[in-house]
Trainee: 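Please see the structure below; I have some questions.
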Amino acid sequence: MGPVGLSQLLQLKRGCTSMKIESYKIELSNMRLYAYHGVLPQENVVGAWYIVDLTVTVDNVDSISSDNLDSTINYAAIYDVVREEMKINSKLLEHVCGRIMSKLFERFSSIVAAEISLKKETPPLGGDGLSSAVRIKAVR
C-alpha cells in the first residue's frame with residue numbers, strides 16, 4: 001500500500017466494521033529544553049527553559065493498519081530535529097520555529113501540515129510567573 005493524500009480515505013475493515021481515516025496527526029507535547037535565545041545579551045549567556053509543542057499532519061496512513069515503524073515517522077526522529085534546532089542560538093522565537101518547521105518539511109516528505117508552539121519560561125520582561133510564546137502553522 002503506497003502513500004495516500006489526505007483527500008483520499010483509507011478504509012480499514014475488521015469483520016462487519018469499517019472506518020475511514022480522515023486525518024493522521026503525530027503530537028509531541030511538553031518538550032522541555034534549555035536554550036539560549038533572545039535579543040538581550042544576558043539571554044545568550046544565562047539561557048532559559050523552553051516548552052515546545054508540535055503537531056504534524058501526515059499523509060501516509062499505512063502504519064495504522066501495518067503496525068510497522070517503517071511506514072510512519074519515528075517520533076524520536078522528530079524530537080531529534082527539534083532538539084538540534086533548539087541548540088542553535090536565535091534572537092527571535094519565530095526564527096527558531098521557522099527553522100524547526102523547515103527542517104521537518106525537508107526531512108519528512110509525508111508531512112503535509114504542521115503546527116508548533118514555542119514558549120519561553122521566565123522571559124526578562126519584569127513579570128512574575130510570566131512566559132512568552134509564539135505559535136506557527138504551516139502547510140506544504
Side-chain angles (χ1 to χ4, degrees):
M1 200 186 269
V4 297
L6 286 178
S7 61
Q8 298 172 313
L9 300 175
L10 173 69
Q11 292 189 26
L12 300 176
K13 297 189 178 198
R14 286 200 171 151
C16 296
T17 307
S18 69
M19 65 178 177
K20 295 178 181 182
I21 306 300
E22 294 184 339
S23 71
Y24 166 33
K25 296 181 180 188
I26 296 171
E27 294 183 14
L28 294 179
S29 301
N30 298 313
M31 293 179 273
R32 192 165 190 251
L33 302 159
Y34 202 84
Y36 300 87
H37 306 305
V39 176
L40 301 176
Q42 77 261 21
E43 294 177 286
N44 295 294
V45 174
V46 176
W49 285 102
Y50 295 82
I51 303 293
V52 181
D53 294 318
L54 177 69
T55 301
V56 295
T57 304
V58 181
D59 74 350
N60 183 350
V61 297
D62 291 348
S63 62
I64 295 170
S65 60
S66 73
D67 197 28
N68 183 347
L69 181 60
D70 292 334
S71 62
T72 189
I73 300 172
N74 186 325
Y75 307 164
I78 294 172
Y79 178 77
D80 288 344
V81 168
V82 173
R83 187 185 66 222
E84 291 304 312
E85 291 301 317
M86 286 293 291
K87 289 179 182 178
I88 302 169
N89 295 15
S90 289
K91 292 178 183 173
L92 302 176
L93 298 182
E94 295 88 331
H95 184 70
V96 180
C97 288
R99 284 198 330 266
I100 291 170
M101 299 284 262
S102 291
K103 187 68 76 174
L104 289 170
F105 279 104
E106 175 186 307
R107 185 162 173 197
F108 306 108
S109 62
S110 61
I111 293 177
V112 296
E115 181 173 355
I116 189 169
S117 169
L118 176 56
K119 179 169 67 172
K120 183 177 196 170
E121 297 181 346
T122 63
L125 301 175
D128 211 17
L130 181 68
S131 65
S132 58
V134 296
R135 179 179 307 273
I136 297 175
K137 289 182 180 184
V139 295
R140 188 176 295 278

Trainee: Report the C-alpha separation of Thr122 and Leu130 in whole Å, then their side-chain angles, then the decisive distance to 0.1 Å, and conclude whether the side chain to side chain contact (heavy atoms under 4.5 Å, CB included) test is met.
Mentor: CA-CA 6 Å; Thr122 63; Leu130 181 68; over 6 Å; no
Trainee: State the CZ-CG distance between Phe108 and Asn74, to the nearest 0.5 angstrom.
Mentor: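 One finds 8.0 Å between CZ of Phe108 and CG of Asn74.
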Trainee: Let me see the working for Lys120 and Glu43 under salt bridge (Lys or Arg N to Asp or Glu O under 4.0 Å), right down to the final yes or no.
Mentor: CA-CA 11 Å; Lys120 183 177 196 170; Glu43 294 177 286; 2.3 Å; yes
Trainee: Tell me which one of Val56, Thr55, Ile100, Val134 satisfies side-chain contact (heavy atoms from CB on, under 4.5 Å) with Ile116.
Mentor: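 Only one option passes, and that is Ile100.
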Trainee: Please report the closest heavy-atom contact between Leu92 and Val39, naming both atoms and the distance.
Mentor: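 Shortest heavy-atom contact: CD2-CG2, 4.4 Å.
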Trainee: When clusters are formed by joining ILVMFWY residues with side-chain heavy atoms under 4.5 Å apart, either directly or through shared neighbours, do Tyr79 and Val81 land in the same one?
Mentor: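 Hydrophobic grouping puts Tyr79 with Val81.
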Trainee: Taking all non-hydrogen atoms of both residues into account, name the closest pair between Met101 and Ile136 and its distance.
Mentor: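 Residues Met101 and Ile136, closest heavy atoms: CE-O, 3.7 Å.
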Trainee: Please name the pair of heavy atoms, one in Ile111 and one in Ile73, separated by the smallest distance, quoted to 0.1 Å.
Mentor: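 Taking Ile111 first and Ile73 second, the nearest heavy atoms are CG1-CD1, 3.5 Å.
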Trainee: Arg99 and Ile88: which non-hydrogen atoms are nearest, and at how many Å?
Mentor: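 Smallest heavy-atom distance, with atoms named: NH2-O, 3.1 Å.
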Trainee: Identify the heavy atoms of Gly38 and Asn44 that sit nearest to each other, and give their distance.
Mentor: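 Smallest heavy-atom distance, with atoms named: O-ND2, 3.4 Å.
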Trainee: With a 3.5 Å distance limit and no angle check, can you tell me whether His37 reaches the backbone of Leu93 through a side-chain donor-acceptor pair?
Mentor: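 A pair under 3.5 Å: no.
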Trainee: Applying side chain to side chain contact (heavy atoms under 4.5 Å, CB included) to Val58 and Ile26, what does each step give before you reach the verdict?
Mentor: CA-CA 8 Å; Val58 181; Ile26 296 171; 4.0 Å; yes
Trainee: What about Leu28 and Trp49, same hydrophobic cluster or not, with Ile/Leu/Val/Met/Phe/Trp/Tyr joined at side-chain heavy-atom distances under 4.5 Å?
Mentor: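 No, it is not one cluster - the side chains of Leu28 and Trp49 are not joined through contacts under 4.5 Å.
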Trainee: When rounded to the nearest 0.5 angstrom, what distance separates CZ in Arg83 from CD1 in Ile78?
Mentor: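 One finds 13.5 Å between CZ of Arg83 and CD1 of Ile78.
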Trainee: Roughly how far apart are Glu85 CD and Leu33 CG, rounded to 0.5 Å?
Mentor: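 CG of Leu33 is found 12.0 Å from CD of Glu85.
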Trainee: Does the side chain of Arg32 reach to within under 4.5 Å of the side chain of Glu121, using non-hydrogen atoms?
Mentor: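 A side-chain contact exists here, since the closest heavy-atom pair is under 4.5 Å.
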Trainee: Considering all heavy atoms of both residues, which atom of Met86 and which atom of Ala35 are nearest to each other, and what is their separation?
Mentor: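 Taking Met86 first and Ala35 second, the nearest heavy atoms are O-CB, 3.4 Å.
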Trainee: Between Val112 and Val139, is any pair of side-chain heavy atoms under 4.5 Å apart?
Mentor: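 No, every pair of side-chain atoms sits at 4.5 Å or beyond.
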Trainee: Rounded to the nearest 0.5 Å, what separates atom CZ in Arg135 from atom SG in Cys97?
Mentor: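 So the gap between those two atoms works out to 9.5 Å.
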Trainee: Side chains of Tyr50 and Val96: does their closest heavy-atom pair fall under 4.5 Å?
Mentor: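 A side-chain contact is absent here, since even the closest heavy-atom pair is not under 4.5 Å.
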Trainee: Are Leu118 and Tyr36 in one and the same hydrophobic cluster, where Ile, Leu, Val, Met, Phe, Trp and Tyr link if side-chain heavy atoms are under 4.5 Å apart?
Mentor: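 In one cluster with Leu118: Tyr36, no.
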